[in-house]
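One structure is given below, encoded as structure tokens.
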Amino acid sequence: MTSIKIIAYLGSAILIFFGILFIWGAFSPQGSGGWILIGVLTIGIGFGIIWLVSRSKAGQVSNAENITLKIDLPANVNLDSLKCKSCGGSLTMDNIQMVSGAPVVNCPYCHTTYQLTEDPKW
Ligand SMILES: [Zn+2]
């Protein structure tokens, strides 16, 4: 569980909380029927975030999970010959991010994002 995930869970909990308040408020004398829709939408977004966070695993790149950590690449990855899988552009350490403990390449040329494998062929 990363801190980003905890923040996402907290954020969605707050969204669900306010969504319930909106639905509740809709039944109060000052409330209107439109609040139910806002409440349902807010709760939906909250559960959507939980669903997205819980289904994202290492290897799946999610923007919410992108954390830049100290990069610890496998020794057999030669950065001199590191090239983008899709466009062949040369990559530097700045183009690699640690996501869920796995190195992920963000190509600056074609904007492809993929997990860096330990395959020594490239
Ligand atoms: Zn590329």
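Read the numbers this way: they start at 1 and go in the same order the structure lists the ligands and their atoms. Here the structure is a predicted model, which means the values were calculated and not measured.
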Would Ile45 end up clustered with Phe47 when hydrophobic side chains under 4.5 Å apart are linked, directly or stepwise? yes

Same cluster for Val40 and Phe27 if Ile/Leu/Val/Met/Phe/Trp/Tyr side chains link at under 4.5 Å? yes

With side-chain contact (heavy atoms from CB on, under 4.5 Å) as the criterion, how do Gln97 and Asn106 come out once you've worked through the C-alpha distance, each side chain's angles and the decisive distance to 0.1 Å? CA-CA 7 Å; Gln97 278 189 309; Asn106 290 297; 2.9 Å; yes

Rounded to the nearest 0.5 Å, what's the gap from CD1 on Ile43 to CD1 on Ile38? Could you check? 12.0 Å

Cys110 and Cys84, any side-chain heavy atoms less than 4.5 Å apart: yes

Among protein atoms, how many N/O/S atoms lie less than 2.8 Å from the Zn ion (ligand 1)? 4

Please set out all donor-acceptor pairs under 3.5 angstrom arising from side-chain atoms of residues 11-23, sequence neighbours excluded.
| unit_1 | atom_1 | unit_2 | atom_2 | d |
| --- | --- | --- | --- | --- |
| Ser12 | OG | Ala8 | O | 3.0 |
| Ser12 | OG | Tyr9 | O | 2.8 |

